[in-house]
Every structure is written in structure tokens, then in C-alpha cells.
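Order of the sequence lines sets the chain letters (A, B, ...), proteins ahead of strands, with each chain counted from 1.
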Amino acid sequence: MLQVQFIRQNKDLVLERLALKQFKELSVVDEVLSLDDRRKKLTLEYDETQAQVNVSSKEIGKLMAAGDKEGAESRKAAVATLKQRLQPINDELKQVEENLTLALYKLPNLPHSSVPAGKTPEDNVVVRSGGPMPTLHAGAKPHWELTSQYDLIDFELGTRITGSGFPVYKNKGAKLQRALIQYFLDYNTDNGYTEFQPPYLVNAESATGTGQLPDKEGQMYHVTEDGFYLIPTAEVPVTNIYRDTIIKESELPIKMTAYTPCFRREAGSYGKDVRGLNRLHQFDKVELVQLVHPDTSYDTLENMVQHVEKLILSLELPYRILRLCGGDMSFTSALTYDFEVYSAAQGRWLEVSSVSNFEGYQTNRLKARFKDSHGKSQLVHSLNGSSLALPRILACLLENHQTADGIAIPASLQPYFGSAKIG
RNA sequence: GGUGAGAUGCCUGAGUGGCCGAAAGGAACGGUUUGCUAAACCGUCGUACGGGUCAAACUGUACCGAGGGUUCGAAUCCCUCUCUCACCGCCA
């Protein structure tokens, strides 16, 4: 969430940026400020009254020790009066603090100055593109036919075991999946990221920390029996590794990577969006998370973009990088680059990675801070990106590298997959 | 799942009603000494939210797992919960 002090000092900027993000309830900004004013007044009143109580209590102790029972009793009566005043102040203070938090939760992160104006995906800006655009042979097929032809994935079986959107990978399909995960993780750790295997279920505090709650409650599977949520991305458990911690400045940047399955309810999706591997309820992803000094977070963002770009290039896939417009960005992000890979047989671009700088928005909720050179704690900036989401990469690999007599495996992947082609 | 013991600052660990935001030791950081290393010595060494200030100094409140309660006053007493450890049961 945004820092109240920042909102107070930069109100005009905040309003302007919220508008860029297509945020309509601008009155929330004033609500936050007035609630914070009220909170300060009440806090002062409470603290001053409580201070009197504390002083009196000490005096009572001394009077008792001195054997002055009467003096002690009269003091007690005075304290009782003070405490009666305290009660309603405290009640209101708690209410105000709760409302303030709720109001702050309503405000999305502010887009960075380089974020393009716009409302829909059409307004996203293509930053650059690359990779070899394939020329498919006459009988080229979409991936859901290839997976069936080569016996790589059984969608119907998954439907029977669980439901739609839970495919069963088998044979070379399962092995390719495993090879990709291994390759991605090695690539990340070779570049200085520390590998983690986090829990796949998180509690409500963690989901709140990264912004899934309360904003996107319906996106996650909720295990009500124990109050846990299935992770929609490794971002949630991995970023929460540093919840409520003060990091040494010398330890920054913190670079983490993790493979996890991801679970998303994806309510309301339909049609060609969900065909084959395009959109699933369970999928695999290798994620990058960095916690960095605020001064360097945008350099880090560019580094992460290049890191992911090289990985896609090594898979010999055609891609483009988009800078998302204000209206298409996620609630918590300040600047996001999406990577899309061209699905040749479908004739459409599929998002395979999203790399974002959240600045202090997540870390303010998480209370992930570091001590600066003056000894003051400051929020670190958090960033994350996929490297990569597996199903769409798999789909594009199959479609783009298909030939009349099989599917070619990119050279970078062959050591992991163990052969140069499928079929 | 059952029984028992616990949860204190970066770590170990004292503290059973007021003098405790908290002893002591260690680690860390700064300094002195030193041919270098080591040792020794001195100092610093929690967080949040307020007040105050140009900024500091200074100052108030809260926090000893979490939440409630008793009391003029709680790390200390009571209740609930969570977690940790040990043993038993079960089990990949």
C-alpha cells in the first residue's frame, strides 16, 4: 500500500497518477488524509492521558510504600476518572485505524512516469521484439492437436481426475516440462539468484502482504478448513520470506528464484482463451523475486527484462516486449513489462512473463525494510518476473518448432531433454 | 490425535506485581592501543506511532509469541489461540 506521508506530501501527483491507472474513486485520497489526521489527534490525546495514568500509578506505589493509605486511595479515584476518558478515545482510535487501513487497501500503486496512458491492452506499447518467426509447413497444427498426436498431454484425463484446466502431462510431454523447469532454474541460479522451494499454501497474512488479499480474493483457491490459500504464483511465498524483517543494507540486492505450481480459479474465462494450454487452473512457473535498494530498482527492472529476454531467445521463439499502459497494469505494480511469445499455429501472442517493479507498495504491507547509512529504516523495493510460465512456452515450442516429421528441440534445451526432437 | 514443557532484544539467557524497554555474556558496529594477526580497553548497539526541531537534541505512548482479562500498576497473575520442543500414537 501507499505510504500516507507520501500521499500527504504529494497529493496532486498522487491524484494524477491514480487517474493514469484509470482509478476512479479519487475521493479515497481525501478520506485517507482525513482519517490520518483524526488518527494523529486521537493518538496524541490518548498518549497524554495515558501518561497521566502512568505517573499517578507510580505515585500510588510510593504512597503505599510510605504507608499513606488515604493518599493512595484518593489517587486511585483520580486514575479511575482518567481511565473513563481513555476508553472512548481508544475505541474510536481503533475504528479509525481500521478504516484507514481499509482505505489504503483501496488505493492501487502509482504508475511510474514512463507508463503509457491508456485503458486497454491495445494501448500497451511494444518496446521491442525479436526471435525467429517460423514458417510453418502446410499441415501445421495448433498445440492441442500436437500434444495428442505425440501423446504428450491428456486434457480429458485431467478433466476426469479433477476438472477442466488440470491437464495430465505424460511421456515426452512430462519430460519436456521437467527439462524446462530444470533449465530455467539453472539459468537463474547461474545468474546469481538463490533457489527456494516454498510452501504452495499460504496464510492470509502472506496473501495480504503481496496484495492478493483483499483485492483479488476470488482468484485464489481457498482452503477454508485451515484458512490457507493455494498460491497463484511463487511471488506470494517467496516475497513473504522477508515479511517483518529489517535487512542489512549490505545484503541488498536479494535475488531469489523458485519453481512452483500455480493455482488460479480464473473465473469467467472461456472460449479460445482457455483452449489447450492457453489458460489453466494449475500450471508450473519459475519465478524471480528481487528485493533491492530503492535507488536502483529501475536498473534492476531493466536487468530482469534482459535476463528474461535472453532466456526466451535461447528457446528460439519469436517474442515481443510490451510496456503496459496505466489501465492494463496490475493493482500493485508501478511499471510492468509483459513478454509475449507468438503462437504460430494459433496466430496470436501469448503472455509468458510479466516483469514488474512494485517499488514500496508490497514492502509497505510486508514491512520489509533496510537500515540506510543514516541508521533510518526505509522500505526496500520489490520486483518480480516469470522466467518463465511453462504451459504457454510449451505450446509455442510445439507449434513453432513443428516440422512434417516431428518437433525440434532447441539446442539450449537438448542437454536437459536428452534428445533433439520429439517424434 | 494424546500427554508434558516452553515462547523474553541479532543469539544465549536472567527476570514471579511498581525501581524492567528489560541484567549478564556473546555477536555486530565505531574507537584507543598495536610491526601484522590476536588480545585488551572504551563506547554504540530494538521497533512502531506521536509531540518537538530547518535538522537534531529532547520527549510521550505501545510492544517481552498473538488476542482478551484482573489490578491504581503486568514480561511477571488468569483465560483463549498460535507456534516450538520432548515422548506416545499414526504416517509419506
Please work out whether the ring planes of [X] and [Y] are parallel, tilted or perpendicular, with thresholds of 30° and 60°.
X	Y	result
A:H307	A:Y193	tilted
A:Y416	A:Y183	tilted
A:Y221	A:F166	tilted

(request) Taking the side chain as every heavy atom from C-beta outward, state whether A:L176 and A:Y169 have any pair of such atoms under 4.5 Å apart. (result)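 They are not in contact (no side-chain heavy atoms under 4.5 Å apart), so the answer is no.
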(message) Is there a side-chain contact between A:F417 and A:K172 in this structure, where contact means two heavy atoms from C-beta onward sitting under 4.5 Å apart?
(response)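 Sidechains of A:K172 and A:F417: in contact.
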Can you tell me the Watson-Crick or wobble partner of [N], both distances under 3.5 angstrom?
N	answer
B:C91	none
B:A5	B:U84
B:A75	none
B:C41	B:G31
B:U61	B:A48

Quick one: which of [options] gets closest to the side chain of [X]?
X	options	value
A:R39	B:G60, B:G50, B:C19	B:G50
A:S57	B:G68, B:G73, B:C19	B:G73
A:T43	B:C49, B:C72, B:A48	B:C49
A:D36	B:U61, B:C19, B:G50	B:G50
A:M64	B:G18, B:U61, B:A48	B:G18
A:V79	B:A48, B:G50, B:C72	B:C72

Length of the line joining [X]:[atom1] and [N]:[atom2], which is rounded to integer Å:
X	N	atom1	atom2	result
A:E251	B:A28	CD	P	14 Å
A:K41	B:G60	NZ	P	23 Å
A:D47	B:G60	CG	C1'	6 Å
A:Q3	B:C49	CD	C1'	14 Å
A:E48	B:U61	CD	C1'	10 Å
A:R369	B:A48	CZ	C1'	8 Å
A:K76	B:U70	NZ	C1'	13 Å
A:I246	B:G46	CD1	C1'	8 Å

Strictly below 4.0 Å: does [X] bring a side-chain N or O up to OP1 or OP2 of [N]?
X	N	answer
A:K94	B:G68	yes
A:S377	B:A48	yes
A:K83	B:G73	yes
A:Q50	B:A62	yes
A:N54	B:G60	no
A:R75	B:G73	no

Rounded to whole angstrom, note down the [atom1] distance from [N] over to [M].
N	M	atom1	value
B:A14	B:G9	P	13 Å
B:G60	B:G6	C1'	35 Å
B:A62	B:C10	C1'	22 Å
B:C19	B:C29	C1'	31 Å
B:A40	B:U53	C1'	41 Å
B:C41	B:G50	P	43 Å
B:U16	B:C88	C1'	33 Å
B:G13	B:U8	P	9 Å

(message) I want to confirm an ordering. Mapping A:L44 and A:K376 to their closest nucleotides on RNA chain B, which one lands closer to the 5' end?
(response)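 Taking each residue's closest nucleotide, the earlier one in sequence belongs to A:L44.
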(request) Find which nucleotide of RNA chain B each of A:K248 and A:V53 is nearest to by heavy atoms, and output the residue with the more 5' nucleotide. (result)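 On the 5' side of the pair lies A:K248.
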Donor-acceptor pairs under 3.5 angstrom involving side-chain atoms of residues 42-53 of chain A: please list them, not counting sequence neighbours.
residue	atom	partner	partner atom	Å
A:T43	OG1	A:R39	O	2.6
A:T49	OG1	A:E45	O	2.8
A:Q50	NE2	A:N54	OD1	3.1

(request) Indicate, with yes or no, if the rings of A:F358 and A:H381 have centres closer together than 6.0 Å. (result)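 No, ring centres 6.0 Å or more apart.
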(request) Indicate yes or no: does A:R17 engage A:D12 in a salt bridge with an N to O separation below 4.0 Å. (result)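 No, this pair does not count.
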